[in-house]
Amino acid sequence: MRYAMAIDTKKCVGCSDCVVACQVENNVPVGYCRDWVTETVDGTYPSLEIEIRSERCNHCDNAPCVRCCPTGASHIVEGGVVLVTPNKCIGCGACIQSCPYDARYSHPDGHVDKCTFCLHRVKKGQDPACVSVCPTKCMYFGDLDNPNSDVSKMIAKRKYKTLAPEAGTKPQIFYLI
Amino acid sequence: MESCTLLNIKYKHMKTRRDFIKISAVGTGGLAIGLSSVKIAQANEGGGLFKKLEKKPIVQNRYPTYCEICFWKCAAWTYTNQKGELVKIIGNDDDPHCNGRLCPRGTGGVGMYNDEDRLKTPLMRKEVNGKQVFEEVSWDEALDYIAEKLQGIAKEHGPECVALFSHGSGGKYFGHLLKAFGSENIAAPSYAQCRGPREVGFIATFGAAVGSPEPTDIRDTECLVLIGSHLGENMHNGQVQEMSAAIDKGATIITVDPRYSTAASKSKHWLPIKPATDMALLLAWINVIIENEWYNKEYIEKNTYGFKQLKQHVKQMTPEWAYGITTIEPDVIRKTAKEMAKASPAVIVHPGRHVTWYGDDTQRTRAIAILNALLGSWGSRGGFFLPESIHLPKYPSPKYPKPTKSWRDAFPGKFKLAELALASGICDATVPTTERDCSFKGWLVYGTNLIETLPNQEQTYKAIQSLDLLVAIDTMPMEITGYADVILPECTYLERYDDIRTSGTRTPSIALRMPAAEPKYDSKPGWWIAKELGKKLGLEAYFNYEDYTEVLDWQLKQVGSSLEEMKKIGVKKFKREYGGLYYYKGESIEFNTNTGKIELYSTSMQDEGYDPLPSYTPHPEPPGGYYRLNYGRAPMHSFSRTTNNPLLFDLMEENNIWVNPKIANEWGLKNGQEIWLKNQDGIVSNFPGKVRVTERIRWDSVFVVHGFGHSNKKLTRSYGRGLSDQKLITNVMIDPIMGGTGMRGNFVTFLTEEPTELEKAKGNPYLDGKQSIMNVGKEVKS
């Protein structure tokens, strides 16, 4: 089993519903976020292109945050999901420095926090909060090992890219372009 | 390449953010959100910290509601935890408005409930030691005072001199109260400041208004044409969902906008039109379609009136003619017209929503309606579907007295096609003049921040100074509440019952809103406030119920449901009873116009002395060094009413001033630099705004998101964040047909130095009269 996400940049409008849904679902303190939205504008008026991306932890296959964690708080569970165990975390911030995606933040309670792919929902057969709320249905979540999952199907039929592939982290968020 | 994080809330900025958290954690808000962790914790079996919390039983309830953060009114479930605290709001899967998916504002609705800046108790303006202050009073005292004042106005001037301004579900109760009192002067800024012209334009053409939610069949369209409509930034949920579905299906999107909107970035064709010239483009499109005979002759012959006159009228309005006006090249105009014709009738030339731009807006939306008529999209699959709604009988109530005067009397011979009262008109008619013998003396303002809603703020201030009574009913302190004599705190939509939602969609449906929690503080539901005030006015016969649930249950039983049933399901769908979703091919259609046909040539406009066919009129252009002030929406906010919501503030804290890089370079403006704007009348923005240097905006205009720059200090988060575009809208171009206030003819220049207090005060010369009060009395005294 390998959980992953495909996000269609052609449909995303950058409304940030994914961000607020995550904050509400996961009790992310006000002022912090586990996912966020970026916009890249390319070209000169009137020859322009915009790419809007909903970003989060890439749950990398080769996760530098897990390798550098001195206490083992950052770890990988079934499905390749990268998690942080708060009471093992000493808040040293090494993982924050090592992440090429800026996906982690220091929680006011003193530990590091990040996206969990809403594993608590996934275990109940639900999609992560961000995916389930998205008005444009631009996000697909599922098991890459299952060729019939939404995410496998989208990756099979569409062109995609990952972020910072040069970092060698083998990210598992795929942006359909 | 320019890159930006839409949400500048990543941990890089956390230091300042943490200070902020300390402040906001004082409120009761933190608690309710905090407890939601219990639920998450239980599910997160891996975490040690979480394990400690695991033992707590989690009993969750859910209560049906429909969202009140915008007019789309998506039905949803409000979830509470075992302590009865609000946890989250999730869309109702059965709801045709949202299909189980709320937009960011709906998802962030809990923030409205938790906002610690909410209005908490009734407040009354009093004078203490020569200073005007608000004092906390009981509901009894507040309502007694209002009733006495209202009766005084009725005795001296007539009950018609009281008006209601309303936005939102609860406005209906106050409308009912006012009609019972003897006035029909009930206005919503959503008409003359927003969608009014398009309704008049479509009624003149098809005999039917567009209505809300718009019956655009985007889901099945092959070609969607957006004219200044920025779907995706205006988060009209159902439409955005369907636009996404249309993208999936490969529909062609054509966007006409001087700004590279999000929708433009999703479009096959983006037409970066010169601002204020849309009419010329529309007429050229009509010309191309007629000249090339890209229309269904049989359909036109059978269903329309005035084709010949139209053909003659647009003969000279060629793409070459329009090119000189719009800067859109003739071959692009032809190519896009061809795309529309190819998709016909599965094409939508979108009527837009906020269409009060240049004062000829009814005529422009007429041109849009005519284009749709030529393409055969009205009542066609992939065009406009025929919505159907459920009619709920009105709860039995005595007849209203007949008013002897109406707002229309203040405007003899004007705005003859306005079907609803004009908020701006009532505001104007409040200012006494030598021509008017009776001006408005009392305003009830429900859920609408008139200062930030009506253009030309000086006129609004002037009107306010002329009032005997201004009552504001709201959930939050706003600019308008600062000017009120009495403020009545309503509880949020999550804490109250409201009328059953019956708006028409493809499938007729009803939706229930019920409270998920008791009203916080000393706030009350709108229905209760109206009823209690009614009693004080001796109008108890009109409020023949103890609790509003009696009304709802009675109404629901008339359509074969009940309150009990609706509490369980939230949304109930019904079968369509009045025909299909579309007209069938060759159907004989009777349109509700004078001729019974689609009027390409409008007889109703002609009868009232307006042009029966739309024409292009040039609009003023910005002088040197000035730029057209363009404004719009962001998906995470609903005007000024959401900017203080802690969850939505977190998504977007302030608006920026979009400036084209060429212009920024000319002025030496840098990204993030704080500047003030000054308009053509010397009015200066109330606060500075940060420059966003971006290629997404034309060199001849600037863009800001509407609703920011709150000047009420009681809004602890959003006070002074960003700037108010409304203050800069002082040139108002009135639509002679229906009184809409065209607001896109304002030009601004940049001030890099902070203006003096005197300069900033220009536009509100009433500093000695009734003042805006931000603090309650005891705070002032201490």
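Labels below follow one simple rule: chain letters A, B, ... track the order of the sequence lines, proteins then strands, and each chain is numbered from 1.
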*Which value, rounded to the nearest 0.5 Å, describes the distance between B:Met243 atom CE and A:Lys11 atom NZ?*
11.0 Å
*asked:* Does any backbone or side-chain atom of A:Cys18 lie under 4.5 Å from a heavy atom of chain B? Answer side chain, backbone, both or neither.
replied: neither
*Taking the side chain as every heavy atom from C-beta outward, state whether A:Lys137 and B:Gln241 have any atom pair closer than 4.5 Å.*
no
*Look up atom SG in A:Cys12 and atom CD1 in B:Ile247, then write down how far apart they are to the nearest 0.5 Å.*
10.5 Å
*Heavy atoms only: give me the nearest B:Pro635-A:Gly14 pair and the separation to one decimal.*
CG-O, 4.1 Å
_Let's go through A:Gln23 and B:Thr107 carefully: what are the C-alpha distance in whole Å and the side-chain angles of both, what is the deciding distance for side-chain contact (heavy atoms from CB on, under 4.5 Å) to 0.1 Å, and is it a yes or a no?_
CA-CA 10 Å; A:Gln23 288 171 323; B:Thr107 306; over 6 Å; no
*Out of curiosity, A:Ile52 CD1 to B:Lys266 NZ, how far, rounded to the nearest 0.5 Å?*
4.5 Å
_Does B:Lys249 have more than 12 heavy atoms from other residues, nucleotides or ligands lying within 6.0 Å of its NZ?_
yes
*Name the member of B:Val240, B:Leu102, B:Asn99 that forms the most heavy-atom pairs with chain A at distances under 4.5 Å.*
B:Leu102
*asked:* So which residue, B:Ser244, B:Ser265, B:Ala634, ends up with the most heavy-atom pairs under 4.5 Å with chain A?
replied: B:Ser244
_Interface moiety of B:Asn660 toward chain A, non-hydrogen atoms closer than 4.5 Å_ = side chain
*Neighbour count >12 (heavy atoms, 6.0 Å) for atom CD, A:Gln126*: yes
*Which answer fits A:Ser54, side chain, backbone, both or neither, if we ask what part of it has an atom under 4.5 Å from a heavy atom of chain B?*
neither
*Measure the spacing between CE of B:Met235 and OG1 of A:Thr136 and express it to the nearest 0.5 Å.*
7.5 Å
_Euclidean distance, B:Tyr260 OH relative to A:Tyr45 OH, rounded to 0.5 Å_ = 11.0 Å
*So what's closer than 4.5 Å to chain A heavy atoms on B:Arg698: side chain, backbone, both or neither?*
both
*For the student: nearest non-hydrogen atoms of A:Pro135 and B:Cys103, plus distance*: CG-CA, 4.2 Å
*Would you call A:Ile50 and B:Thr262 a side-chain contact if the rule is heavy atoms closer than 4.5 Å?*
no
_Only pairs of heavy atoms separated by less than 4.5 Å count here; which of B:Ile90, B:Asp248, B:Thr694 has the most with chain A?_
B:Asp248
*Which atom pair, heavy atoms only, marks the closest approach of B:Met636 to A:Ser16?*
CE-OG, 3.3 Å
*Contact part of B:Ile89 toward chain A, heavy-atom cut-off under 4.5 Å: side chain, backbone, both or neither?*
neither
